[in-house]
There are 2 protein chains.
Amino acid sequence: MPRTTIADVAKVAGVSKATVSRVLNGNYEYMKPRTRIRVEEAIDKLGYRPSNVARSLTSNRTSTVAILVSDVGNPFYADVIHGVEDEAFKKNYDVFLCNTNYDLNRGLAFIRSLIDKRVEGVMIMSSRMSDLWLAELNRNNVPAVVLDWEVKAMGADVSTIGVNYAIGIQAAVDHFIALGHQRFIHVSGPLHLQTARDRRDAFWSALARHGIPVESVPVIEGDLQIEGGRQAIKTIAKLSPQPTAVFAANDLTAMGIIAGARAQGIEVPRDLSVVGLDNIWLAEQADPPLTTVNLPRYEIGQLAIQMLFDLLDSSSERPSTPVRREVTTSLVVRQSTAAAPQ
Amino acid sequence: MPRTTIADVAKVAGVSKATVSRVLNGNYEYMKPRTRIRVEEAIDKLGYRPSNVARSLTSNRTSTVAILVSDVGNPFYADVIHGVEDEAFKKNYDVFLCNTNYDLNRGLAFIRSLIDKRVEGVMIMSSRMSDLWLAELNRNNVPAVVLDWEVKAMGADVSTIGVNYAIGIQAAVDHFIALGHQRFIHVSGPLHLQTARDRRDAFWSALARHGIPVESVPVIEGDLQIEGGRQAIKTIAKLSPQPTAVFAANDLTAMGIIAGARAQGIEVPRDLSVVGLDNIWLAEQADPPLTTVNLPRYEIGQLAIQMLFDLLDSSSERPSTPVRREVTTSLVVRQSTAAAPQ
DNA sequence: TTGAAAGCGCTAACAT
DNA sequence: ATGTTAGCGCTTTCAA
């Protein structure tokens with residue numbers, strides 16, 4: 001049998017559809033209290049739930065947004081999504097989750113589908129993405145917020161979020177220096193990734209501020225996984241003179257370094273200080289607990305959807321106010337760093 | 001300016017809306033090729049995208065489903081969601097992700113919102129849930145698939161997925177026995193959780209099959225975290241006689257046990273064999289790589305949405321065919337288990 | 001204070 | 001081979 005509609009409610013309550021619609025939308029200003037009550041009773045009795053698809057058709061609002069990520073499995077995204085979700089829930093929005101699986105075409109297919117479903121806005125956090133996506137959204141007047149992407153201005157409603165690695169990494173280097181370290185090394189991510197280069201460069205700049213020549217700081221390219229750290233430490237162990245401080249591109253790499261070091265008889269932090277980046281939940285549980293540069297993932301999620309909502313608000317009136325914002329990183333000192341060995 | 005609609009396309013192509021609709025839906029059977037081309041050109045020219053909200057209104061189909069989880073951050077869900085997503089994408093469905101945050105009311109609010117948006121079906125994987133949710137869905141004829149929940153039959157379109165821990169855990173025990181182990185211990189999850197009790201009981205039963213008296217097998221209650229494992233091993237180390245084989249309720253616990261054991265001078269697997277459960281991605285990278293009972297998370301996701309699609313198909317015709325299916329666990333042997341010490 | 005009617009963008013009978 | 005028309009379930013003037 002068909003769902004119960006506003007007409008059914010109207011009939012049961014003995015009023016017109018318009019009146020039911022009014023109570024649905026809280027426009028009781030001129031309504032006789034009696035009427036309102038009759039309508040509400042009818043609604044309860046029938047267990048009526050208004051159809052948002054019909055509502056959307058007239059109102060042009062769907063209370064729906066979407067987030068595109070490369071891979072939900074990546075813990076980075078899990079926290080971001082959490083932040084998005086919480087904010088969305090407060091505003092009664094629902095969130096489509098789209099996994100691009102690092103596939104540009106798949107992402108575009110999602111974008112098209114989302115446009116067809118008339119989502120009000122999209123957050124793009126996929127590490128691989130394409131300007132085509134933004135062009136498509138733009139053509140359809142769907143605002144977007146993107147993470148870490150240089151947007152060629154196209155008159156689009158596109159706000160961006162940048163991550164300031166410099167601050168947290170500078171703090172890490174200051175911390176190293178304060179502990180008396182002088183010989184450094186970096187285990188990076190795959191250097192074809194922009195973020196890997198950003199992190200490395202930030203490390204170099206931070207060292208330069210302390211007068212440490214960049215040429216004296218070797219970089220070993222890792223894979224952002226534990227295994228990469230394990231491999232890296234083998235190379236490090238052969239270096240002479242031995243570095244006493246290593247900055248890893250992420251926490252997993254740092255954990256691999258620590259595990260591998262132990263296997264080589266190098267003890268962290270006694271013989272070697274290690275700093276990671278991310279502050280994943282595991283960092284705290286590691287042995288020793290990891291000193292690391294915190295990346296505020298949950299906040300990125302919150303910020304993203306808030307910026308999206310701003311775009312939605314403004315796009316109805318003013319031309320639009322795309323914006324660029326930065327989130328900042330910071331150092332979390334735990335026990336994988338200590339005074340430099342003599 | 002307003003979006004371009006089917007009427008705009010019709011005007012530009014010089015045909016009626018019906019004709020446009022036909023090409024949109026691929027009903028060209030009786031259509032003059034010329035006409036079709038004109039329409040397609042008009043669509044391209046205008047960059048027209050049909051509104052799925054309007055389509056949904058007539059078709060009563062939204063191509064949208066939802067998944068409720070307690071917490072996206074939990075890696076268990078990440079993989080499940082991945083499985084769901086991939087299948088959904090194939091069928092051109094979009095997926096609403098809802099984080100209940102272990103809050104029953106929040107979950108109910110989501111359910112209501114989803115009903116209003118006319119999602120075609122819902123997957124419930126929240127570890128805390130309520131029959132109210134199902135009742136609400138049922139009243140609105142929205143089919144559901146739930147994980148690990150005894151559904152009081154209510155004539156609803158509710159299929160369920162169960163996890164058969166027994167098989168994998170039995171394999172683990174068989175493996176222990178084959179390696180000559182005789183003294184066992186279990187580090188469980190919090191025993192107020194059903195799954196924690198299920199896993200413990202499965203372990204006991206498996207041992208019983210080998211004639212090992214359950215009374216001889218102590219259980220230490222952990223917290224499913226690394227720290228719980230670390231604590232547990234301290235207790236274990238004081239036991240006499242020392243157990244040689246420990247089954248942990250999950251991989252994190254197992255990793256904590258291994259880390260804690262090392263700190264006590266107990267070496268895994270030489271002195272102690274350890275088996276985890278979950279087969280999280282970290283298990284493989286652990287040191288030593290962890291022998292564990294695999295929980296097929298991705299497959300659970302795939303299965304869930306497939307079962308949901310089945311429900312959608314059948315609910316249009318036959319009364320409906322709710323179903324119960326089981327996924328099975330299996331042992332993955334790595335290097336945290338070895339022959340029992342003499 | 002409430003109702004009638006038109007319209008949101010599309011689909012599907014029914015005509016032609 | 002294509003057009004006309006009547007909804008789908010709701011909101012929103014405009015009247016009364």
Side-chain angles (χ1 to χ4, degrees), chain A residues 1-40 42-43 46-64 113 115-120 140-141, chain B residues 1-40 42-43 46-64 113 115-120 140-141:
Chain A
M1 79 224 134
R3 282 176 175 284
T4 103
T5 77
I6 199 173
D8 301 324
V9 177
K11 193 179 306 171
V12 169
V15 298
S16 73
K17 293 191 296 173
T19 301
V20 177
S21 175
R22 285 186 190 106
V23 350
L24 251 29
N25 295 285
N27 305 326
Y28 331 103
E29 313 180 41
Y30 304 103
M31 194 176 299
K32 210 183 288 179
R34 218 24 259 294
T35 315
R36 171 176 167 185
I37 292 178
R38 279 221 310 281
V39 172
E40 283 167 344
I43 289 177
L46 298 175
Y48 168 73
R49 307 247 77 209
S51 159
N52 262 325
V53 358
R55 286 179 137 178
S56 295
L57 190 57
T58 35
S59 66
N60 260 317
R61 304 198 43 231
T62 52
S63 299
T64 299
S113 175
I115 289 171
D116 294 352
K117 294 208 169 128
R118 299 297 188 259
V119 300
E120 297 182 23
N140 291 276
N141 302 310
Chain B
M1 80 221 134
R3 280 174 177 285
T4 104
T5 77
I6 199 172
D8 301 324
V9 177
K11 194 177 304 167
V12 169
V15 299
S16 73
K17 293 191 295 173
T19 300
V20 178
S21 175
R22 284 187 192 104
V23 352
L24 252 29
N25 294 286
N27 305 326
Y28 331 102
E29 314 181 41
Y30 305 105
M31 194 174 300
K32 210 183 290 179
R34 196 64 239 293
T35 315
R36 172 176 166 184
I37 292 178
R38 279 222 311 282
V39 171
E40 283 167 345
I43 290 177
L46 298 174
Y48 167 73
R49 304 248 78 211
S51 159
N52 261 325
V53 0
R55 288 179 136 178
S56 294
L57 191 57
T58 34
S59 66
N60 260 318
R61 305 200 41 232
T62 53
S63 300
T64 300
S113 175
I115 289 171
D116 293 354
K117 293 206 169 130
R118 300 299 188 256
V119 300
E120 296 182 24
N140 292 276
N141 302 309

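It should be emphasised that the depicted structure is a prediction, and the values quoted were computed from it without experimental measurement. By convention in this document, chain letters (A, B, ...) are assigned in the order of the sequence lines, proteins followed by strands, and residues within each chain are numbered from 1.
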Nearest whole Å is fine: how far is D:dG3 C1' from B:Asn27 CG? 15 Å

Mind checking side chain to side chain donor-acceptor pair (under 3.5 Å) for B:Ser113 and listing every partner two or more places apart, or none if nothing turns up?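 Here the qualifying residues are A:Asp94.
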
In residues 25-34 of chain A, what donor-acceptor pairs under 3.5 Å come from side-chain atoms, sequence neighbours left out?
unit_1, atom_1, unit_2, atom_2, d
A:Asn25, ND2, A:Ser21, O, 2.7
A:Asn25, ND2, A:Ser21, OG, 3.4

Show the distances under 3.5 angstrom between N or O atoms of the protein and N or O atoms of nucleotides 7-10 of chain D.
unit_1, atom_1, unit_2, atom_2, d
D:dC10, OP1, A:Tyr48, OH, 2.4
D:dC10, OP1, A:Ser51, N, 3.0
D:dC10, OP2, A:Ile6, N, 2.4
D:dC10, OP2, A:Tyr48, OH, 3.4
D:dC10, N4, A:Lys17, NZ, 3.0

Counted 5' to 3', the first and last nucleotides of DNA chain C within 4.0 Å (strictly under) of a heavy-atom of chain A are C:dT1 to C:dG9

Could you pull out all residues at least two apart from [X] that satisfy side-chain contact (heavy atoms from CB on, under 4.5 Å)?
{"X": "B:Thr58", "value": "none"}
{"X": "A:Val15", "value": "A:Ala13, A:Thr19, A:Val20, A:Thr35, A:Arg38, A:Val39"}
{"X": "B:Thr64", "value": "A:Phe96, A:Lys117, B:Thr62, B:Phe96, B:Val119"}

Under the salt bridge (Lys or Arg N to Asp or Glu O under 4.0 Å) test, which residues partner [X], sequence neighbours left out?
{"X": "B:Arg3", "result": "none"}
{"X": "B:Arg49", "result": "A:Asp116"}
{"X": "B:Arg55", "result": "none"}

In this structure, CG of B:Asn52 is separated from OG of A:Ser56 (nearest 0.5 Å) by 11.5 Å

For DNA chain C, whose closest nucleotide is more 5', that of A:Ala18 or that of A:Glu29? A:Glu29

Let's go through B:Leu24 and B:Ile6 carefully: what are the C-alpha distance in whole Å and the side-chain angles of both, what is the deciding distance for side chain to side chain contact (heavy atoms under 4.5 Å, CB included) to 0.1 Å, and is it a yes or a no? CA-CA 10 Å; B:Leu24 252 29; B:Ile6 199 172; 4.1 Å; yes

Between the opening five pairs and the closing five pairs of the helix from C:dT1-D:dA16 to C:dT16-D:dA1, how far apart are the helix axes, to 10°? 40°

Could you check whether B:Ser56 gets within reach of a base, just the sugar-phosphate, or nothing at all, counting any heavy atom under 4.0 Å? nothing

At under 4.0 Å between heavy atoms, what does A:Val15 touch on the DNA or RNA strands: base, sugar-phosphate, or nothing? sugar-phosphate

